[in-house]
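Worksheet: one structure, shown below.
Residue numbering restarts at 1 for every chain, and letters A, B, ... go by the order of the sequence lines.
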Amino acid sequence: MAKLAKLDDIVSLCKRRGFIFQSSEIYGGLASCYDYGPLGAELKRNIRNAWWKHVVQMRDDVVGLDCSILMHPMVWKASGHADKFADLVTVCRKCGTRSRVDHLQDHEGSVEEHTEHIDIESAKSKAAELSRKVCPACGTIGQFGEPMAFRLMFETRMGANVEDTMTLFLRPETAQGIFVNFRNVLDSTRVKIPFGIAQIGKSFRNEVTTKAFIFRTREFEQAELEFFCKPGTDEEWFEHWKQERFNWYINLGIRKENLRFREHAKDELAHYAKACVDIEYKFPFGSGDWQELEGIANRTDFDLRQHQRGIRTMNEWYDKKGDLTKITLKEEAEDYLKGPLAYFDEETRERYIPYVIEPSAGIDRSMLAFLVDAYDEEEVRGEQRNLLRFHPALAPIKAGIFPLVKKDGMPEIAMNIYQDLKRYFPVFYDEKGAVGRRYRRQDEAGTPFCVTVDGQTKEDNTVTIRHRDSMEQVRVPLDQVKSYLRDKLGL
RNA sequence: GCGGGCGUAGCUUAAUGGUAAAGCCCCAGCCUUCCAAGCUGGUUAUGUCGGUUCGAUUCCGAUCGCCCGCUCCA
């Protein structure tokens, strides 16, 4: 069975074979940023496509969307991100333990529960009161260093005229783009609840720490589905998507023993969530090994209701000249059920704000999981064989096409096969060196099949097709190569 | 952000205050009829910046990056 890969082996293989490079490497690198090389770009796109196929293409009740990364600043005011964009962290002078200021408790024992980020101003005022706080590690009271603030959203400026620019945020999640387009999709597509809107795209978060290769980076790609359903049916849909998403990983080859659910306890739920479960993968790094690949949350009607409040706040936006720190979100309208983001059910004549089930997957960390899970080393005739046992749908290259040797007309026949097949899926032609070497190279790229033209080809019009995982070969008539591969590849 | 470890070629490893070496990989050619064969030739490295020095990959300082742990985070 497959060997447990060490992260170092994966990092090394990724660089050697062109899956993933350090960003800006010739300038010494940029922390937490990575570039996808030729094979990595293919693999990542295959993962995106597999997600899209599963979540959008194969479903009659989900449509796609592709929003801009830059959005109106009020989006983040309404979503809560703008007010909760700062963490304040302090260090205990006694034991060196770092704690979030808003997590510290008074020594009288008064408990202040904050699991969300708080705004910088109130965090700073809290920092002044640290004299009464208790270090959770050593119990020392009031021995804290100057708190440090962290800005969790990236900012940028829009407008070329420096005198007249607006501060914008790079989205910290793709979800909000879906909520703000809820009305547009309803009005343009004839979808009826229950239905979902899916999106894949980049998001940006100034994480306090990054971690473990591409696992946690500040720029990352999300695949998110917001599935809108009638209140009361949310728990079934939560279950539905939980299973669907778990099975997606399994069906793409992740071994079952490396995947699990982790339910969130009540006190760790985000402010918007009624329930949340993580799909975790057993990565070869980190303290607990098990790390989140995807979170599935019941976001209730929180977001749509917040945006209805946001819309009502627009006068203040103009009055305060767009200064988000001076703007207070307007209270919800009495008749918010009739608001612009409400849904009217024609059949039951009911009006409501739908509940939302959100499966939110990290594409980059999924890719790392697929890489780790596919990685294998085995001993063949005293030599080590490195290979990636990718599911055919994910393999960057579907087949290598080789002449056994570079003479006797074999290259010409092989080239013809290559020219034909490349119209249907990614294939790779190679005639250099010993055929065994070419096989091994494809093993390391995760190519599931190799087609070899040999001496017998000219006699009976057959070629050999060699399987990556078993190294077995079968003879297949030339005119059936395409259908054989398409069948095995599921294309 | 803290503590620890590490940074010599694509990879794995040498060596040295005075010409940076090798194996594998890679490229070209020859040869090769099924799993990293062989022969010939070739490309490529001391993370970056600065200091000391006649001379620094080596000593010193700073910086960048990666890994492990903590912290943090979904």
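One interatomic measurement links the two molecules: OH of Tyr34(A) to P of G65(B), which rounds to 10 Å at whole-angstrom precision. If you measure from atom CD1 of Ile20(A) to atom C1' of C67(B), you get 16 Å, rounded to the nearest angstrom. One interatomic measurement links the two molecules: CG of Asn206(A) to P of A74(B), which rounds to 13 Å at whole-angstrom precision. Trp290(A) places its CH2 atom 17 Å from the C1' atom of A74(B), with the value rounded to the nearest Å. Distance CZ (Arg205(A)) to P (C72(B)): 18 Å, rounded to an integer number of Å. Atom CZ in Arg216(A) sits about 13 Å away from atom P in C67(B), given to the nearest Å.
Checking side-chain atoms of Trp248(A) against main-chain N and O of Ala50(A) turns up a donor-acceptor pair under 3.5 Å. With hydrogens and angles ignored, the 3.5 Å screen pairs a side-chain donor or acceptor of Arg365(A) with a backbone N or O of Phe215(A).
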> Tell me, for nucleotides 30-41 of chain B in 5' to 3' order, what letter each nucleotide earns: B for a base near a protein heavy atom under 4.0 Å, S for only sugar-phosphate near one, - for neither?
Replying inline: --BBBBBS----
Scan nucleotides 8-13 of chain B against the protein and return all N/O pairs shorter than 3.5 Å with their distances rounded to 0.1 Å.
none

>> Evaluate Thr464(A) against Asp454(A) for side-chain contact (heavy atoms from CB on, under 4.5 Å), listing each step before the verdict.
In response: CA-CA 8 Å; Thr464(A) 65; Asp454(A) 58 21; 3.7 Å; yes
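Leu371(A) pairs with exactly one of Leu43(A), Leu394(A), Val11(A) by the side-chain contact (heavy atoms from CB on, under 4.5 Å) rule, that one being Leu43(A). Considering Val463(A), Asp430(A), Val427(A) as possible partners of Ile401(A), the one that fulfils the side-chain contact (heavy atoms from CB on, under 4.5 Å) test is Val427(A).
Rounding to the nearest 0.5 Å gives a distance of 11.0 Å between CD1 of Ile200(A) and CD of Gln222(A).
Arg218(A) comes within 4.0 angstrom of no nucleic acid atom, judged by non-hydrogen atoms across all strands.
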> According to the Watson-Crick and G-U wobble definition with distances under 3.5 Å, which dot-bracket string, read 5' to 3', encodes RNA chain B, using [ ] for crossing pairs and | for pairs with another strand?
Replying inline: (((((((..((((....[..)))).(((((.......)))))....(((((..]....))))))))))))....
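One side chain, Thr174(A) or Glu224(A), offers a donor N or O that lies under 3.5 Å from an acceptor on the other. Under 3.5 Å, the side chains of Asp303(A) and Gln176(A) contain a donor-acceptor pair of N or O atoms. With 3.5 Å as the limit, one finds a donor-acceptor pair spanning the side chains of Asp373(A) and Tyr281(A).
Counting heavy-atom neighbours within 6.0 Å of Glu379(A) CD, excluding the residue itself, gives a total above 12.
Of the C1' atoms belonging to G3(B) and C72(B), the separation is 15 Å, rounded to the nearest Å. Across the C1' atoms, C26(B) and U44(B) are found 9 Å apart, a figure rounded to whole Å. Between A15(B) and C2(B), the distance separating the two P atoms is 33 Å to the nearest Å. Between the P atoms of A62(B) and C11(B), the separation comes to 28 Å (whole Å).
Here the side chains of Met71(A) and Trp76(A) are in contact, with some heavy-atom distance below 4.5 Å.
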